[in-house]
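A short write-up of the structure that comes next.
Below, read A as the first sequence line, B as the second, and so on, with proteins coming before strands; counting in each chain starts at 1. Note that the coordinates shown come from a computational prediction; the quantities given were computed from them, not determined experimentally.
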Protein chains: 2
Amino acid sequence: MTAPSPPVNISEEIQAELLQRICFLDYRPGDQLKEAYLAKEFGVSRTPVRDAISRISHLGLVETRNGVGTVVRQLSLTEITHVYNMRLELAPMIGMLNPRQIAPSDRKVCERLLGQAADLNDAFDARGYVQLNHRLHEFIAGLIGNDVLRSFWWQTYYQAASTWYQLAHLQGPKAATALVSELTDIRDALDHNDLCALGYVQRIHIGYGFEQIKTLLF
Amino acid sequence: MTAPSPPVNISEEIQAELLQRICFLDYRPGDQLKEAYLAKEFGVSRTPVRDAISRISHLGLVETRNGVGTVVRQLSLTEITHVYNMRLELAPMIGMLNPRQIAPSDRKVCERLLGQAADLNDAFDARGYVQLNHRLHEFIAGLIGNDVLRSFWWQTYYQAASTWYQLAHLQGPKAATALVSELTDIRDALDHNDLCALGYVQRIHIGYGFEQIKTLLF
DNA sequence: ATCAGCTAAGCTGTATACATCTTGCCTGTC
DNA sequence: GACAGGCAAGATGTATACAGCTTAGCTGAT
């Protein structure tokens, strides 16, 4: 049988699951999150579900109104701009604020991601792109040594991901090509043992992404 | 009679109140937050109190353990370092990321704060210092045009405030003198209509503060 | 036909009862 | 006297019942 019940908090699990569904576009802007349905789906009462929704509300991705419900928001261009402007500033900090030592295992993970990106480039599917990009984010976040920066990196990722993945659906295979390019740059930075370079690589590709969002999505 | 019940969410009010009590040192590291007591104090059930505590837990200022309780944490030197390193980076962004126009009313508020700081310099009391510094933070945060930056500015403020105010109790009147100096610099920046200068002024004084924390508190 | 007003359904917000976990203390044995 | 074990108190975690809000849709008068 599977694990009967993990020791971690139920609320945190649901929180992570909801966030992932939102930024993976399983829930699209305008969709409603009904506590009762989610409670039944997860096999719990409304209490942990409410807690999870409450804790993600500060990201601005959902809006809860009394008597109506909780709906997934589409961030406005202004909001997206604020998020991306911040991510452009955060990226170089990866290599500067309390940098972590790069381990051989990091390089191996990067190589594997690069291989998966190459596969995706040959046979593109949007879902696979979203999942791979998510794993890349997890990888980068794991390299961040400053706790606060890592937290902010995650927060802005969640805020940007939904919009970014909308664009990926429009772009199709081109998105995978860009991902291969980004991962190649990242691998080179790791090979040079240069976390600062990695930060700038992130900044560069975030900039590219933002340009396309402004051009194609708004 | 006073306002019967504001329309805003009870949970958010309690959240703000708890955060303020933590960073104002009404609750000191090691103190326990008991949901039942807080519920009775605020005249509500445990539900909104739990929600409030849950929403502030991601700042790392409190730690909740099942069956035990929620205790206020003292951030380690490493954590404080991460917070301050981040604030040093965030400060210059105030003038660079989607800057807001400075209004005459802003200058008036600043002048008033400067006057209050001067009063405090003549007759120091720690509580007054903490409250004035808090109002200064609210003022600065209000000048930030980028929504994400404002959110991060608040988060790191809450994380740093508790430790900073511990130091202020040790320093005594010297803290008020430094505050007068900081507010003078801020006024000059506003007089020059230069939000970038204000950002750097913030960075400078955050740096001074961090130095003293490292020297006197750890 | 139109529209004001009512009504009921369905959602979130809150209170409360219960389950579960942790820990300090008491007790009995060695 | 020391220590293992149990037990009870008190805390958080969860489920559930209820209150309050919002809105869609019906109804009836104009």
Notebook entry, point to check: How close or far is atom P of dG10(D) from atom NZ of Lys40(B), stated in whole angstroms?
Noted result: 13 Å
Notebook entry, point to check: Starting at NZ of Lys34(A) and ending at P of dT22(D), how long is that distance when rounded to a whole Å?
Noted result: 18 Å
Notebook entry, point to check: From the list dC11(C), dT12(D), dT12(C), which nucleotide is the closest neighbour of the side chain of Glu35(A)?
Noted result: dT12(C)
Item checked: Selected nucleotide, minimal atom distance to Thr70(A) side chain, candidates dT12(D), dT12(C), dA15(D) -> dT12(C)
Check: With distance as the sole test, does Arg21(B) use its side chain to make a donor-acceptor pair with the main-chain N or O of Ala16(B) at under 3.5 Å?
Finding: no
Note to self: Quick one: does any side-chain atom of Arg203(A) pair with a main-chain N or O of Ala91(A) as donor and acceptor, under 3.5 Å?
What the structure shows: no
Return yes if a side-chain donor-acceptor contact under 3.5 Å exists between [X] and [Y], otherwise no.
{"X": "His169(B)", "Y": "Tyr129(B)", "value": "no"}
{"X": "Arg55(A)", "Y": "Ser54(B)", "value": "yes"}
{"X": "Gln159(B)", "Y": "Glu79(B)", "value": "no"}

Item checked: Positions of residues 49-60 of chain B (non-hydrogen atom under 4.0 Å from DNA chain C), listed by number -> none
Notebook entry, point to check: Looking at Phe42(A), is Lys40(A) sitting on its ring face, NZ or CZ under 6.0 Å from the six-membered ring centre and within 45 degrees of the normal?
Noted result: no
Notebook entry, point to check: How are the rings of Tyr84(A) and Phe210(A) set relative to one another: parallel (under 30°), tilted (30 to 60°) or perpendicular (over 60°)?
Noted result: parallel
Next item on the list: Determine, for nucleotides 16-25 of chain C in 5'-to-3' order, which nucleotides have protein heavy atoms under 4.0 Å from the base (write B), from only the sugar-phosphate (write S), or from neither (write -).
Entry: B----BS---
Check: Can you check whether Ile14(B) reaches Ile53(B) side chain to side chain, under 4.5 Å on heavy atoms?
Finding: no
